[in-house]
Amino acid sequence: MNTDFLRDLNPAQLSAVKAVEGPELVLAGAGSGKTKVLTYRVAYLVSIGVPVHNILCLTFTNKAASEMKTRTEKLLGMEEHGDGRRFGSWIGTFHSLFGKILRMEADKLGYTPNYSIYDEEDSLKLIKQILRERNLSEEVFAPAGIRWQISRSKNNLVLPSQLEQSAKSRLDQVTAEVYAAYEERLKKSNSMDFDDLLIKPIVLFNRDRASLEKYQNKFRFILVDEYQDTNRAQYMLLKLLAEIHRNLCVVGDDAQSIYSWRGADLQNILDFQSDYPDAKVVRLEQNYRSTGKILKAANSVIVHNQRKLDKELWTENHEGDRLSVMECESDRDEGYKIVQRIRDESIKDKLQLKDFVVLFRTNSQSRSLEEAFNRGGIPYIIVGGVAFYKRKEIKDLLAYLKLIVNPQDDASFLRIVNFPARGIGDVTIDYVRSFASKEQKPLLAIVERVDEIVEIQPRQKNQLKQFARLVNKYNKLKDELSVGELSRSLTDELGLIRSLKDENTVESQNRMENIQEFLGGIAEFQTENPEGTLQDFLAEVSLVADVDRWDTKRNSVTLMTIHAAKGLEFPVVFVSGLEEGLFPLGSKEQDELEEERRLFYVAITRAQKKVYLSYARQRFRFGKLSYQAPSRFLAEIESDLLDQEHATRLSQQRTIWETTSTFDSLRPSLEGIGTMAQEVPRPRDVEKDRTAAPHIRIGTIVEHQFFGEGKVIEMSGKGDNERVVVLFGANQKKQLMVRYANLRIVR
DNA sequence: TCAGCCGCATTTTTT
DNA sequence: ATGCGGCTGA
């Protein structure tokens with residue numbers, strides 16, 4: 001087969017691609033063509049005759065996986081088949097590919113292929129339940145903390161019994177106990193959590209030699225993206241699978257390791273050479289993405305870290321502009337300045353809005369930024385935040401589908417047994433639950449025998465039976481109907497759309513649209529996977545991240561966390577909130593600080609042409625105003641690479657702010673009080689202010705930036721939660737949060 | 001026994 | 001925005 005495509009590679013890239021046999025470590029700096037090496041390597045393997053199904057290529061996000069698939073196919077001159085499975089490659093995320101293997105080998109672990117995947121919310125609820133059953137207080141034994149501990153234990157391959165042995169405190173003991181119960185319950189529900197998708201294959205491979213050998217022989221060539229982010233379990237999996245053929249090629253950048261909080265172990269990449277002494281090491285140090293100054297800035301930051309491998313990026317690109325530092329009065333001012341700057345730049349440099357990204361350390365920072373974009377009338381997309389698949393209405397519908405596929409799924413059962421409302425409350429459910437745990441049966445199975453529970457009222461019994469009938473009906477139908485038909489018929493039968501329509505509020509409208517979008521998504525899945533079953537669909541949606549849904553085609557500014565931005569690039573990057581305590585966030589422990597620094601490195605290296613770094617002198621955090629010094633990271637950048645924007649414009653801008661906002665002027669008075677705005681006696685000058693909320697009452701005519709004039713017809717909530725329903729025009733009703741909506745009182 | 005309403009707290013990063 | 005606890009009325 002033709003290997004002409006290799007001519008696109010530089011010498012280092014080429015040697016990385018062609019070293020096909022044996023272990024290989026590719027240290028690929030930011031923007032050095034990491035994905036290119038991986039895709040060319042897969043294409044090269046195929047072109048020299050390696051069957052596609054013998055190649056395993058692992059990534060962390062679906063987005064990365066699908067990009068790799070597309071690019072590989074292009075290199076090989078393959079048409080997209082449109083059947084979703086493409087050319088049968090094993091390119092995918094760790095979680096989805098091992099989830100697939102688990103489905104094929106489920107019986108060997110006492111599972112069935114239709115197992116459910118519990119997300120964090122499901123796990124947390126289960127843990128709370130276990131605590132409640134044991135009369136353990138949630139105040140003393142924080143469920144979230146226990147969940148975190150369990151997850152960490154799993155990732156480190158620590159069993160409940162081992163955790164118990166090493167327990168030092170009562171909390172440790174309880175954690176070990178809950179961990180054991182949690183595992184038991186998951187198994188009984190034929191369910192796995194995210195961690196299990198990596199742990200269970202290890203269990204399988206250790207227990208069943210034949211399975212291990214089967215996959216060792218199948219995956220003769222293994223490629224791993226973002227190796228610096230692998231955890232202990234992933235490391236073990238790779239070690240096991242590569243044992244025979246040893247054709248393990250890992251690509252990564254220790255400087256971009258930003259997931260240690262999730263169990264990723266930087267030591268994996270640092271130790272690769274000692275794990276595989278015969279490993280070929282290739283360094284990709286030429287950067288094709290950024291300007292010289294951006295790269296120098298990034299380098300000057302990362303040298304402050306101790307734990308790192310030797311490597312320095314260089315580029316032939318233009319030197320470019322200096323990085324600009326923007327000092328801002330407040331978080332609000334920061335948003336304003338960023339919006340102004342985007343407006344200026346997009347006109348001046350003929351850039352499109354989608355060329356800009358605003359990055360931040362924590363999701364909570366997005367609120368003040370969003371506000372600024374709304375005021376400035378600049379379209380934006382937020383990646384992250386409340387993810388689509390985490391929305392209540394979507395999760396409810398998904399729970400039905402999950403229970404239909406896996407009748408043992410207790411978490412889904414509990415979620416929907418009384419949704420839509422069937423008059424089944426906590427008391428009834430508790431009876432069902434205790435009977436189920438006595439009988440060691442799934443909840444849905446118990447419902448069929450509800451007559452045996454004397455305490456439950458006839459009305460409730462009836463409702464429960466009807467619920468079970470409904471689920472069972474669709475369980476039988478699932479093989480006859482397509483995924484799309486089934487979901488549509490189910491939503492109809494549940495009357496979801498109808499009842500939301502009747503509710504006729506802005507919220508219900510949104511929910512309805514979300515459900516429609518979800519159904520549309522199912523239809524899309526169906527087109528791409530004509531043979532796809534409901535089980536396949538669930539496997540897919542359970543493992544999507546929000547970044548995966550990020551649509552590059554829309555012409556809007558992107559707002560996202562730095563974590564979400566890894567692997568992406570943008571012409572202009574704003575890094576916001578560069579303040580001590582926020583970025584770097586949290587404690588001063590050396591390892592954690594180094595991770596924050598790597599995060600900053602990732603942020604800067606997303607940029608192709610221009611970087612803006614902003615910080616606010618004061619910022620609202622945890623309901624309080626706080627003052628923070630500029631981030632130490634700013635000082636770590638070589639000063640001649642920086643362009644300190646002067647505060648001259650600042651004073652002018654401040655006056656603009658004060659005429660349009662009460663919020664900022666209220667803030668100083670809040671300091672030290674530690675209360676929310678509404679509890680502070682209102683200063684007299686605010687009385688006159690046009691955004692002052694207390695003046696609004698039913699019947700007030702207000703003006704909104706986008707919707708124009710409208711009449712307040714409903715009010716609810718108090719203080720920060722105060723909401724109004726405003727009727728704009730003839731029939732456009734909007735529910736708005738007074739705090740955010742910035743309504744101007746007309747009369 | 002349940003539904004609905006209110007007020008309150010919550011926000012580090014996510015497959 | 002969401003979930004939870006507390007309260008009330010049916």
Side-chain angles (χ1 to χ4, degrees), chain A residues 58-65 92-99 117 119-121 124-125 128 138 144 148 151 155 193-198 226 229-231 233-234 257-264 359-367 383-387 389-393 395 418-431 455-460 463 506-507 510-511 542-548 560-566 577 581-587 592 595-596 598-599 602-603 620-623 676 678 716-723 735 737 739-740:
Chain A
L58 296 158
T59 67
F60 278 83
T61 65
N62 293 299
K63 198 175 179 56
T93 66
F94 273 95
H95 289 84
S96 75
L97 293 185
F98 285 105
I117 298 173
D119 66 13
E120 253 134 275
E121 197 187 330
L124 195 62
K125 279 191 180 155
K128 284 182 180 170
E138 288 187 20
W148 187 80
S151 170
N155 280 320
D193 64 16
F194 285 138
D195 301 320
D196 284 334
L197 299 178
L198 306 175
E226 311 277 16
D229 288 331
T230 49
N231 63 24
Q234 286 156 331
S257 159
I258 54 176
Y259 282 102
S260 77
W261 52 274
R262 217 174 76 192
L359 301 177
F360 38 84
R361 178 66 182 82
T362 66
N363 272 314
S364 58
Q365 287 165 256
S366 70
R367 213 201 62 202
V383 176
V386 183
Y389 290 109
K390 284 193 184 129
R391 279 176 223 172
K392 191 189 171 307
E393 59 277 18
K395 288 203 69 171
N418 196 34
F419 173 85
R422 297 185 174 86
I424 299 165
D426 295 343
V427 181
T428 305
I429 289 168
D430 275 343
Y431 288 131
E455 293 92 337
I456 295 180
Q457 305 296 315
R459 223 178 84 91
Q460 273 74 19
Q463 291 287 2
V506 181
E507 271 164 47
N510 280 336
R511 285 178 197 280
S542 301
L543 297 174
V544 295
D546 211 47
V547 209
D548 299 329
M560 58 166 79
T561 64
I562 301 165
H563 284 89
K566 199 178 71 164
L582 181 60
F583 194 14
L585 181 73
S587 80
E592 289 172 26
E595 177 141 325
E596 296 288 316
R598 290 192 293 269
L599 199 50
V602 168
F620 247 125
R621 283 186 79 195
F622 307 115
M676 301 302 280
Q678 77 278 6
S716 62
K718 276 218 181 91
D720 275 2
N721 283 321
E722 185 166 31
R723 285 168 231 226
Q735 180 166 317
M737 300 280 285
R739 188 182 181 196
Y740 305 134

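Here the structure is a predicted model, which means the values were calculated and not measured. In what follows, chains are A, B, ... by sequence order, proteins preceding strands, each numbered from 1.
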Rounded off to whole Å, could you give me the [atom1]-to-[atom2] distance for the [X] and [N] pair?
X         : N       : atom1 : atom2 : answer
Phe360(A) : dT11(B) : CZ    : C1'   : 12 Å
Lys392(A) : dG3(C)  : NZ    : P     : 6 Å
Arg391(A) : dG3(C)  : CZ    : P     : 13 Å
Tyr259(A) : dT12(B) : OH    : P     : 16 Å
Asn155(A) : dT14(B) : CG    : C1'   : 12 Å
Ile562(A) : dT12(B) : CD1   : C1'   : 11 Å

What distance, rounded to whole Å, do you find between the two P atoms, one in dT11(B) and one in dG5(C)?
15 Å
Verify the stacking flag for Trp261(A) against dT13(B): centroid separation must be under 5.5 angstrom and the ring planes must differ by under 30 degrees.
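Stacking is present between dT13(B) and Trp261(A), given that their ring centres fall under 5.5 Å apart and the planes under 30°.
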Pick base, sugar-phosphate or nothing for [X], based on heavy-atom distances below 4.0 Å to the nucleic acid.
X         : value
Ile424(A) : sugar-phosphate
Thr428(A) : sugar-phosphate
Asp195(A) : nothing
Arg598(A) : nothing
Gln460(A) : sugar-phosphate
Phe60(A)  : sugar-phosphate

With Glu226(A), which residues qualify under side-chain hydrogen bond (donor to acceptor under 3.5 Å, both in side chains), at least two apart?
Lys34(A), Gln228(A), Lys566(A)
With sequence neighbours left out, the residues meeting side-chain hydrogen bond (donor to acceptor under 3.5 Å, both in side chains) with Lys392(A) are Asp396(A)
Roughly how far, to the nearest 0.5 Å, is OG1 of Thr61(A) from CG of Leu543(A)?
12.5 Å
Quick check for you: to the nearest 0.5 Å, what is the distance between Ile429(A) atom CD1 and Ile456(A) atom CD1?
9.5 Å
Donor-acceptor pair, distance only, cut-off 3.5 Å: does the side chain of Asn418(A) make one with the backbone of Ile424(A)?
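Answer holds: yes.
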May I ask you to evaluate whether [X] reaches the phosphate of [N], defined as a side-chain N or O under 4.0 Å from OP1 or OP2?
X         : N       : result
Thr561(A) : dT14(B) : yes
Asn231(A) : dT15(B) : no
Asn363(A) : dT13(B) : yes

Which one, dA3(B), dT14(B), dC4(C), comes nearest to the side chain of Lys128(A)?
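The closest nucleotide is dC4(C).
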Would you mind telling me which residue lines up with the more 5' stretch of DNA chain B, Gln457(A) or Glu595(A), judged by nearest nucleotide?
Gln457(A)
